[in-house]
Each structure stands twice: as C-alpha cells, then as structure tokens.
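Every value quoted in this text rests on a predicted model; they were computed, and no experiment measured them. Start at 1 and go down the list; that is how both ligands and their atoms are numbered.
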Amino acid sequence: MSGGAEKDRVPRTIDEFMALALAMETAAAERYADLADTMQAHNNTDTAELFRRMATIELRHAREIQSQIGGADAVAAARRWEGVDAAAAESAPNEDLHYLMLPWHALRIALANERRAERFFAQLAEQATSDAVREAALRLCAEEREHVRLIEAWLARLPAPHSDWAEDPDPPRYTD
Ligand code: ZN
C-alpha cells in the first residue's frame, strides 16, 4: 500500500462517501444539540432555541442520508469511517462560546460551520475518483449551501449586537 496520512483519505466508493457524510451530519446535529443544552443551562433561551433549530435541520439531513444507505456493504463502509476526524468538519469550535452570547453570535458560529461543510464537500467533489461519489458530493455541497443561505437570511433579520452584550447586569455568583 502506498502510504498517505489518514486524514488525506478520500472515500472511493459511494458507500464510503455516504458513510462519511452520515458521520459528519450526525456529529453536526449532536454538536448543535450540545450547544443548545449549554445555552439552556445558562437560561439563554433564545440562543438555545436557535441551536436547537440547527440541530433539527442537521438531524433531518442525517436521516435523509441514512435512508439512502442500505445493505451490509454500506454498514461495512460506515465502520471504516468511524472516528474519522472529518466528522469535525461541520462542528463548532468551543472557544467561540460565551454564556451570554446572543442568537446573532450563535448564527455566526453556525454560518462558519455550514461554510466549512460546503467547502469540505466541494473539495471531496474535486478529489472524487468516481462519478457517483462526485455527484453525491456535489449534491451535499449544494445542500450545505442551502444551509448557508438560510442562516444568512436569519442573520439579515437580526441587528448586530451592541458592544456591551457580554456585560452581565446580574453576574453568576460563586461561593467558596
Ligand atoms: Zn449543514
């Protein structure tokens, strides 16, 4: 076998590709659900609600992909992509989180995620070694672009936050 870093692996078959896509969408849905829980724990209901809507969208996406996958070959292919770091391609980084963050911030994070996912599938389409994989990658790329447009439309309806958004009039108190 000619070596190459694991991260450079490109799915060769449509089953492998769909398994990778499923792993990505599932990870994205879980990540958004986690973000929603985190915001809810801080009583940041509006932002929690927004992340929950994103989780629902990604979960629906994952189910669609799942319904297109069938048979033992696909299951075997999926197993090969388990734990692949590409699953992080659509997931939000932690450092952007703040417990007072507004829906606007949540949307900025989601926008970055969806753009990353769009680029990821566009790149896979370029690297694809079969027409089936290329077409599936292009289709998912287009779906991620839809997510990008949706979020851009949401963002357009929200005013940019004031510079003092992170100042808590009633900060959490800790006793020791
Ligand atoms: Zn997406």
I'd like to know if Leu150 and Trp104 are part of one continuous hydrophobic network [Ile/Leu/Val/Met/Phe/Trp/Tyr, side-chain heavy atoms within less than 4.5 Å]. yes

Below 2.8 Å, any N, O or S contact between Glu143 and the Zn ion (ligand 1)? no

Any N/O/S atom, side chain or main chain, of His61 closer to the Zn ion (ligand 1) than 2.8 Å? no

Do the side-chain N and O atoms of Glu144 and His147 include a donor-acceptor pair separated by under 3.5 angstrom? yes

Decide, counting backbone as well as side-chain atoms, whether Glu25 has an N, O or S atom less than 2.8 Å from the Zn ion (ligand 1). no

Could you pull out the atom name of the N/O/S atom in Glu114 that is nearest the Zn ion (ligand 1)? OE1

What is the name of the N/O/S atom of His147 that is nearest to the Zn ion (ligand 1)? ND1

Taking side chain to side chain contact (heavy atoms under 4.5 Å, CB included) as the criterion, tell me which of Ile109, Leu59, Ile151 meets it with Met54. Ile151

What is the name of the N/O/S atom in Glu58 that sits closest to the Zn ion (ligand 1)? OE2

Residues passing the side-chain hydrogen bond (donor to acceptor under 3.5 Å, both in side chains) test with Arg145, sequence neighbours excluded, are Glu118

Sorted by chain and number, sequence neighbours left out, side-chain contact (heavy atoms from CB on, under 4.5 Å) with Glu135 holds for Asp131

Give the name of the N/O/S atom in Glu144 that lies closest to the Zn ion (ligand 1). OE1

Evaluate whether atom CZ of Arg52 has more than 12 neighbouring non-hydrogen atoms of other residues, nucleotides or ligands under 6.0 angstrom away. yes

